[in-house]
Amino acid sequence: KNQVEQSPQSLIILEGKNCTLQCNYTVSPFSNLRWYKQDTGRGPVSLTIMTFSENTKSNGRYTATLDADTKQSSLHITASQLSDSASYICVVTVGGATNKLIFGTGTLLAVQP
Amino acid sequence: GAGVSQSPSNKVTEKGKDVELRCDPISGHTALYWYRQRLGQGLEFLIYFQGNSAPDKSGLPSDRFSAERTGESVSTLTIQRTQQEDSAVYLCASSLRLPAFNQPQHFGDGTRLSIL
């Protein structure tokens, strides 16, 4: 069964600290992996998209990694800001003709002053 | 605006009524998606359109749900005879091409549907 699991479920950190969010998937065939940020009451916003051959991709203070062998990804946030408080969602696109996206349930991050 | 627009932003209706949700995608985006997000849960795929065609309707929860897209633009999601379990945020997203082409999806802010 195609699944995306994220950990931790929630996380509280102090402003200025770094953190790393984890994503494990069992999606096959694999097309690409995405990280989204979803602020409360808003739609998700794309942070990164990585294909099979990409190991790392950055978007400002956000750096995503992908290990296609172990089917794991991480999202590292550097020098966190209060505005980083949001839900971070890992999404894997199923390869082939389905074009289906499998969503994780997200990690809820709270950055405190 | 240049983003995905959804209307209404909030909808409260009585059980048994029909509702129609609207999505205006970004101009030129051929792919359009509908998702449902229940409180505190992840996004649940409902249906996607490639142009005006919906190749995969398997995510629609029941035959009370239907969707259409016209002019490769506006899409409407219709829920007939609404039930309380239909209460959720319904999100629409569009992308230039299908997900397999590594295109980012651009989301609207959703319609918050509450069934009394």
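Below, chains carry the letters A, B, ... as their sequence lines are ordered, and counting in each starts from 1.
Proximity to chain A is limited to the side chain of Leu91(B), based on heavy atoms less than 4.5 angstrom apart.
The two residues Val4(A) and Cys90(A) have their closest heavy-atom pair at CG1-O, 3.7 Å. Minimum heavy-atom separation, Ser73(B) to Leu32(B): O-CD1, 3.8 Å. Of all heavy-atom pairs spanning Ile47(B) and Ala54(B), the tightest one is CD1-CB, 3.8 Å.
Note: Pro44(A) leads Gly106(A), Pro44(A), Gly43(A) in heavy-atom pairs under 4.5 Å with chain B.
Taking a 4.5 Å side-chain heavy-atom cut-off between Ile, Leu, Val, Met, Phe, Trp and Tyr, the cluster of Ile26(B) extends to Val4(B).
Pairs passing the salt bridge (Lys or Arg N to Asp or Glu O under 4.0 Å) check and including a residue from residues 101-113 of chain A, sequence neighbours excluded, do not occur.
Listed by chain and number, the residues in a side-chain hydrogen bond (donor to acceptor under 3.5 Å, both in side chains) with Arg64(B) are Asp86(B) (sequence neighbours excluded).
Remark: the backbone N or O of Lys17(B) is paired with a side-chain donor or acceptor of Thr82(B) at under 3.5 angstrom.
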Do chain B and chain A have donor-acceptor pairs under 3.5 Å, and which are they?
{"residue": "Gln37(B)", "atom": "OE1", "partner": "Gln38(A)", "partner atom": "NE2", "Å": "3.0"}
{"residue": "Gln37(B)", "atom": "NE2", "partner": "Gln38(A)", "partner atom": "OE1", "Å": "3.2"}
{"residue": "Asp56(B)", "atom": "OD2", "partner": "Lys100(A)", "partner atom": "NZ", "Å": "3.3"}
{"residue": "Ser58(B)", "atom": "OG", "partner": "Lys100(A)", "partner atom": "NZ", "Å": "3.3"}
{"residue": "Pro99(B)", "atom": "O", "partner": "Asn32(A)", "partner atom": "ND2", "Å": "2.8"}
{"residue": "Pro99(B)", "atom": "O", "partner": "Arg34(A)", "partner atom": "NH2", "Å": "3.0"}
{"residue": "Ala100(B)", "atom": "N", "partner": "Asn99(A)", "partner atom": "OD1", "Å": "3.3"}
{"residue": "Asn102(B)", "atom": "OD1", "partner": "Asn32(A)", "partner atom": "ND2", "Å": "2.9"}
{"residue": "Gln103(B)", "atom": "O", "partner": "Arg34(A)", "partner atom": "NH1", "Å": "2.8"}
{"residue": "Gln103(B)", "atom": "O", "partner": "Arg34(A)", "partner atom": "NH2", "Å": "3.1"}
{"residue": "Asp109(B)", "atom": "OD1", "partner": "Arg42(A)", "partner atom": "NE", "Å": "3.0"}
{"residue": "Asp109(B)", "atom": "OD1", "partner": "Gly43(A)", "partner atom": "N", "Å": "3.1"}
{"residue": "Asp109(B)", "atom": "OD2", "partner": "Arg42(A)", "partner atom": "NE", "Å": "2.9"}
{"residue": "Asp109(B)", "atom": "OD2", "partner": "Arg42(A)", "partner atom": "NH2", "Å": "3.2"}

